[in-house]
Amino acid sequence: MVRIKDIADHVGVSTATVSNVIHGKAQRVSEETRKKIEAAIKEMGYVPSMSGLMLAQKRSNVIGVILTGKNASGEPALADPYYSLLIGYLDRYIREKGQYMLLLSLSDTEEIIQQTKSWNLDGLIACDLQTDRLHQLHQLCDKPMVSLDAYLGDRSDYINIMTDDFGGGYQMGNYLLSMGHRKILMISDDEHGSSRQRWLGFQKALQKNHVPVSDRQHLLITGGYGERMAQLKQQQGLIREQTALFFSSDLYALEAFTILRDMGLRIPEDISVAGFSDLLYADLAQPKLTTMHQDIEQKAQMAVDALSCLIKGKKTRDWILPVKLVERGSVRRIGNWELL
């Protein structure tokens, strides 16, 4: 294994000089000497110790990304393609900043705090955590933190990057009404966070157009895949009363395609289906899924940029990312409806 002393002997300088170059203190070294050391490092295949770099720089260069299980069944969050894509983009943009990502896929707040302190993380990005847990983390961790898709009310202790979930639900409600649908069921997995905002926006669209809204128009499905499918089967009577279904995520909409066909329902001839997020699979499905597009890559990039600003002590602000309707083949027109 190549050591710093080996590099120093090869170039003919002190170990302290080589250490300064490796640990980002090259301003103490002449440009000519720095180039020689860097060339020797590459030629000799020296790999610096991460623990040594952390000690020398007094920071870890590691960003913690917090992701917890999505449902009571303990199904991993990364089983949802949305979170897989989000984490992939976060990793890309964190690396572009010259840092590394540590994924904390934990459900216990105290354990998250313990891991944050033990790794001496430079900052945190919290994905889709409920407000009370976010406040607790921020208070106890004392680290720069950016949250994704949180609904914080009047709190502004940290930066929040979020999708316009309310506006997306409202747009989808208006769209389905414009296509002549009045018997519409929204299906989601949560009564909090982004799912709730999408429901409230959808509800507002119906109310504004004088379409009666009741609890029977919002169906909650929870648990893992098998449990969700069983719950849809149990609600076959309610589903057959509808002309359209609006799912709070593309994943749930695409899962339902098979169940609906097992019920003998054709999409969109017998029932229209819409989702939310515009994942790759929405365009691969048959029929292609009508959905609300959100820019997951932009959300990840903005979160990393915002955290970088906070780490450097710079001011930044919250962001609400717009959404747009993507009309495909899973929704059909059944009549005309003039929106108010």
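Here the straight-line distance linking atom CD of Gln217 with atom CG of Leu238 works out to 9.5 Å at 0.5 Å rounding. From Ile184, atom CD1 reaches atom CZ of Phe202 across 4.5 Å, with rounding to the nearest 0.5 Å. In this structure, CD on Gln242 lies 11.5 Å from CG on Leu176, to the nearest 0.5 angstrom. Note that CD1 of Ile296 is 10.5 Å distant from CG of Leu90, once rounded to the nearest 0.5 Å. Of the inter-residue distances, the one linking Gln231 atom CD with Ile187 atom CD1 reads 10.5 Å to the nearest 0.5 angstrom. In this structure, the separation between OG on Ser248 and CG on Leu219 is 10.5 Å, given to the nearest 0.5 Å.
No more than 12 heavy-atom neighbours from other residues, nucleotides or ligands sit within 6.0 angstrom of CD1 on Ile320. The number of heavy-atom neighbours closer than 6.0 Å to CD of Gln114, taken from other residues, nucleotides and ligands shown, is 12 or below. Enclosure of atom OH in Tyr281 is not indicated, since only 12 or fewer non-hydrogen atoms of other residues, nucleotides or ligands lie within 6.0 angstrom. Other residues, nucleotides and ligands contribute over 12 non-hydrogen atoms within 6.0 Å of the CD atom of Glu269.
Ile267 approaches Pro287 most closely through the heavy-atom pair O-CG, 3.6 Å. The minimum heavy-atom distance linking Ala303 with Leu148 is given by the pair CB-CD2, 3.7 Å. Ala253 and Gly275 make their closest contact through CB-CA, 4.2 Å (heavy atoms, listed as atom of the first residue, atom of the second, distance). Here the closest non-hydrogen pair linking Thr290 and Gly329 is OG1-N, 4.2 Å.
Cluster membership check: Val331 does not share its hydrophobic cluster with Val326, using side-chain heavy-atom separations under 4.5 Å among Ile, Leu, Val, Met, Phe, Trp and Tyr. In this structure, Leu245 is not a member of the same hydrophobic cluster as Ile334, with clusters built from ILVMFWY side-chain heavy atoms closer than 4.5 Å.
Gln235 contributes no side-chain N or O that, together with a main-chain N or O of Leu232, makes up a donor-acceptor pair within less than 3.5 Å. The closest donor-acceptor contact from the side chain of Ser249 to the backbone of Tyr252 lies under 3.5 Å. Remark: the backbone N or O of Glu297 is not paired with any side-chain donor or acceptor of Gln301 at under 3.5 angstrom. A donor-acceptor pair is defined here as one N or O able to donate and one able to accept, closer than 3.5 Å; such a pair exists between the side chain of Lys288 and the backbone of Asp283. Side-chain atoms of Asn209 do not come within 3.5 Å of backbone N or O of Leu206 as any donor-acceptor pair. Using modelled atom types, no side-chain atom of Thr243 and backbone atom of Ile271 make a donor-acceptor pair closer than 3.5 Å. Side chain of Lys143 to backbone of Leu121: a donor-acceptor contact under 3.5 angstrom is found. Between the side chain of Gln171 and the main chain of Gly168, no donor-acceptor pair closer than 3.5 Å is present. Not a single donor-acceptor pair under 3.5 Å links the side chain of Asp165 to the backbone N or O of Gln197. Using a distance-only test at 3.5 Å, with no hydrogens or angles considered, a donor-acceptor pair links the side chain of Arg333 to the main chain of Ser178.
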| Can you check side chain to side chain contact (heavy atoms under 4.5 Å, CB included) on Lys36 and Glu32, steps first, answer last? | CA-CA 6 Å; Lys36 288 181 179 179; Glu32 181 182 358; 3.7 Å; yes
| Can you check side chain to side chain contact (heavy atoms under 4.5 Å, CB included) on Lys97 and Tyr93, steps first, answer last? | CA-CA 7 Å; Lys97 297 289 185 183; Tyr93 289 109; 6.0 Å; no
| How far apart are the C-alpha atoms of Met186 and Arg198, what are their side-chain angles, what is the distance that settles it, and do they pass the side chain to side chain contact (heavy atoms under 4.5 Å, CB included) test? | CA-CA 9 Å; Met186 181 169 178; Arg198 291 167 192 177; 3.7 Å; yes
| task | Go through the steps for Glu191 and Leu220 under the test side chain to side chain contact (heavy atoms under 4.5 Å, CB included), then give the verdict. | result | CA-CA 8 Å; Glu191 292 185 282; Leu220 291 176; 3.2 Å; yes
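Side-chain contact check for Leu325 versus His293: every heavy-atom pair is 4.5 Å or farther apart. With contacts defined as side-chain heavy-atom distances shorter than 4.5 Å, the pair Pro144/Leu307 qualifies. Looking at heavy atoms from C-beta onward, Leu310 lies out of side-chain contact with Lys312 at the 4.5 angstrom threshold. Inter-residue side-chain proximity for Val146 and Met302 is flagged as unmet; no heavy-atom pair is nearer than 4.5 Å. Between Leu103 and Leu67, some side-chain heavy-atom pair lies under the 4.5 Å cut-off. Inter-residue side-chain proximity for Leu289 and Leu279 is flagged as unmet; no heavy-atom pair is nearer than 4.5 Å. Here the side chains of Ser194 and Thr163 are not in contact, with every heavy-atom distance at 4.5 Å or above. Proximity of Gln294 to Leu321: side-chain heavy atoms (C-beta onward) are nowhere separated by under 4.5 Å.
Residues Tyr83 and Asp128 bring a donor and an acceptor atom of their side chains to less than 3.5 Å of each other. A donor atom on one side chain and an acceptor atom on the other are found under 3.5 Å apart for Glu327 and Tyr175. Remark: the Asp250 side chain and the Ser277 side chain contain no N/O donor-acceptor pair separated by less than 3.5 Å. Between Tyr170 and Gln203, the side chains place no donor N or O within less than 3.5 Å of an acceptor N or O (distance only, hydrogens not considered). Checked by atom type, the side-chain pair Gln99/Arg95 shows no donor-acceptor distance below 3.5 Å. Side-chain contact of Lys204 with Asn174: a donor-acceptor pair under 3.5 Å is absent, judged by distance alone.
The pair Lys299-Asp149 counts as a salt bridge, with a side-chain nitrogen and a carboxylate oxygen less than 4.0 angstrom apart. Note on Asp189 versus Arg228: no salt bridge recorded, every NZ/NE/NH1/NH2 to OD/OE distance being 4.0 Å or above. A salt bridge does not link Lys42 to Glu38: none of the charged nitrogens lies less than 4.0 Å from a carboxylate oxygen. Salt bridge status for Arg196 with Asp190: absent, with no side-chain N to carboxylate O gap under 4.0 Å. The residues Glu96 and Arg92 are annotated as not salt-bridged, no charged nitrogen and carboxylate oxygen being separated by less than 4.0 angstrom. Remark: Asp278 engages Arg328 in a salt bridge, criterion side-chain N to carboxylate O under 4.0 Å.
In this pair, His218 and Trp199 present their aromatic rings parallel. The plane angle is below 30°, not in the 30 to 60° band.
For Phe247 and Phe276, the gap between ring centers reaches or exceeds 6.0 Å.
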